[in-house]
Protein chains: 2
Amino acid sequence: MTPLDLDSTLAALAEPTRRRVVDYLRRGPRRAGELADHFRVSAPAMSRHLRVLRKSGLVEERGLDEDARVRVYRLRAEPFHELEVWLEQIASFWQTQLIAFKAHAEKHAAKRARRK
Amino acid sequence: MTPLDLDSTLAALAEPTRRRVVDYLRRGPRRAGELADHFRVSAPAMSRHLRVLRKSGLVEERGLDEDARVRVYRLRAEPFHELEVWLEQIASFWQTQLIAFKAHAEKHAAKRARRK
DNA sequence: GAAATGATTAACCTTATAGTTAATCATTGT
DNA sequence: ACAATGATTAACTATAAGGTTAATCATTTC
């Protein structure tokens, strides 16, 4: 019901640097080193962030034909779509909120009455 | 540009228990103790989760008129909306990619036509 | 007023994670 | 072949976060 994927997606996005990397990648695919430079973080640190993003499927890595040492990262749509679906489910809550609250209040009012 | 709020929202949602609490609160407002019970976690642990959710604005707390000891928690829409806005910005990435691809394809189509 | 109840805060422990530098791997260029 | 480059992994440190039980606070009930 609540896919583990979402947990991994949210965990990946929760880290500020990683979320900013995602924002930055909207401009297009970027090389690993470029990202490390831009965010003033050591290459190893960025590498590990990218691994987290990769494992959660938020980005994918592709080699560069011209230079096989270079790794280019780009966004992947799928996890964002999943997150969007989940968000929409949550949003549906406000439609039924009032009704649910009433039912809940009545249930507990009944309990209290019984206890008395 | 990238509001700090979003960091706090995502950090709050990244924790699996907290995300499940949010899911659960779709059914309607719930008492703190009820949540602790339901998720098989100690009352203090749940209390701290709720504090995180409260600080990020994902939930709000209201006392119960009938019993001032009880605290009822409910979802708040705002942070979810913010998150949705951000997600849409990200989603726009694939549109621009598509446009770029089309432009690229047309450029090559034109080349081919000229060559003909 | 004393006991019980709902919830939070305090104190403590354990684990996960982000950062660093050094080491390694693969590829490129001289 | 060798030095340089781009990136990742290894090893280590520090800090943040979650869980627990015990203590505290406020309110209700007898």
Side-chain angles (χ1 to χ4, degrees), chain A residues 4 7-25 29-56 58-74 104-105 107-109 111-116, chain B residues 4 7-22 24-25 29-56 58-74:
Chain A
L4 190 76
D7 282 338
S8 125
T9 299
L10 287 167
L13 291 175
E15 210 287 321
T17 301
R18 281 196 295 264
R19 214 203 67 236
R20 275 157 196 118
V21 167
V22 166
D23 272 333
Y24 189 63
L25 285 179
R30 290 289 185 271
R31 298 152 54 133
E34 208 175 336
L35 295 170
D37 280 357
H38 188 261
F39 292 99
R40 308 276 181 151
V41 88
S42 66
M46 182 53 68
S47 183
R48 283 175 66 235
H49 280 310
L50 290 170
R51 181 166 62 179
V52 173
L53 290 171
R54 221 186 311 122
K55 281 195 173 178
S56 69
L58 286 161
V59 305
E60 67 183 349
E61 175 266 341
R62 285 194 196 173
L64 204 58
D65 294 344
E66 313 134 35
D67 187 340
R69 291 170 300 180
V70 173
R71 315 236 178 150
V72 176
Y73 285 88
R74 62 176 57 198
H104 179 261
K107 191 179 106 189
H108 277 268
K111 256 190 202 162
R112 282 184 63 81
R114 235 179 292 123
R115 223 174 7 202
K116 204 45 213 326
Chain B
L4 190 75
D7 281 338
S8 126
T9 299
L10 287 167
L13 291 174
E15 211 285 321
T17 301
R18 281 196 296 264
R19 213 201 68 235
R20 273 155 199 121
V21 166
V22 166
Y24 190 63
L25 285 179
R30 290 290 184 272
R31 301 154 52 138
E34 209 176 333
L35 295 170
D37 281 357
H38 188 263
F39 292 99
R40 309 276 181 152
V41 88
S42 65
M46 182 53 70
S47 183
R48 284 174 60 235
H49 280 311
L50 290 170
R51 180 168 60 178
V52 173
L53 290 171
R54 220 185 314 120
K55 282 195 172 178
S56 67
L58 286 160
V59 306
E60 67 184 348
E61 174 266 340
R62 285 192 195 173
L64 204 58
D65 294 345
E66 312 133 37
D67 186 341
R69 291 170 300 180
V70 174
R71 316 236 178 149
V72 176
Y73 284 87
R74 62 175 58 197

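Nothing here was measured: the structure is a model prediction, and the numbers come from that model. Throughout, a chain's letter reflects where its sequence line sits, starting with A, and its residues are numbered from 1.
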Which side-chain N or O atoms in residues 35-48 of chain B pair as donor and acceptor under 3.5 Å with protein atoms at least two apart or in another chain?
| from | atom 1 | to | atom 2 | distance (Å) |
| --- | --- | --- | --- | --- |
| Ser42(B) | OG | Ala45(B) | N | 3.3 |

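Residue Tyr73(B) forms a side chain to side chain donor-acceptor pair (under 3.5 Å) with just one option from Arg31(B), Glu34(B), Arg54(B), and that option is Arg54(B).
Put simply, the side chain of Arg18(B) gets close to the backbone of Ala12(B): a donor and an acceptor are under 3.5 Å apart.
In this structure, the CZ atom of Phe39(A) is 14 Å from the P atom of dT20(C), given to the nearest Å. Regarding Arg71(A), its CZ atom lies at a distance of 11 Å from the C1' atom of dT27(C), rounded to whole Å. Rounded to whole angstrom, the span from the CG atom of Leu10(A) across to the P atom of dA17(D) amounts to 16 Å. Between the CE atom of Met46(A) and the C1' atom of dA7(D) there is a distance of 13 Å, given to the nearest Å. The distance between atom CG of Leu53(B) and atom C1' of dT8(C), rounded to the nearest whole Å, is 15 Å. Summarising the geometry, the separation between CZ on Arg40(A) and P on dG19(C) is reported as 15 Å, rounded to the nearest angstrom. If you measure from atom CG of Leu35(B) to atom P of dG19(D), you get 14 Å, rounded to the nearest angstrom. Taking atom CZ of Arg31(B) as the reference point, atom C1' of dT28(D) lies 13 Å away to the nearest angstrom.
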Handout entry: Steps toward side chain to side chain contact (heavy atoms under 4.5 Å, CB included) verdict (His49(A), Thr17(A))
Key = CA-CA 8 Å; His49(A) 280 310; Thr17(A) 301; 4.1 Å; yes

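Projected onto DNA chain D by closest heavy-atom contact, Pro44(B) and Val52(B) fall at different nucleotides, the more 5' of which corresponds to Val52(B). Taking for each of His49(A) and Ala32(B) the nucleotide of DNA chain C with the nearest heavy atom, the 5'-most of the two is the partner of Ala32(B).
Among the protein residues, Ala45(A) comes within range of the nucleic acid bases, having at least one heavy atom under 4.0 Å from a base atom. When heavy atoms are screened at a 4.0 angstrom cut-off, Arg48(B) is found touching base atoms of the nucleic acid. Across all strands shown, Ala43(B) has heavy atoms under 4.0 Å from base atoms, whether or not it also approaches the sugar-phosphate.
You'll find that the side chain of Arg18(A) is closest to dA18(C), out of dA18(C), dT28(D), dT8(C). Out of dG19(C), dA7(C), dA4(D), the shortest distance to the side chain of Arg69(A) is found at dA4(D). Closest contact between the side chain of Leu50(B) and the listed nucleotides dT8(D), dT8(C), dG19(C) involves dT8(C).
Between Tyr73(A) and dT8(D), a side-chain N or O to OP1/OP2 separation shorter than 4.0 Å is present. At dA7(C), none of the side-chain N or O atoms of Ser47(B) fall inside 4.0 Å of OP1 or OP2 (strictly under the cut-off). Arg51(B) has a side-chain polar atom (N or O) that falls below the 4.0 Å cut-off from OP1 or OP2 of dT9(C).
Using a 4.5 Å cut-off on side-chain heavy atoms (C-beta onward), Glu15(A) and Val52(A) make no contact.
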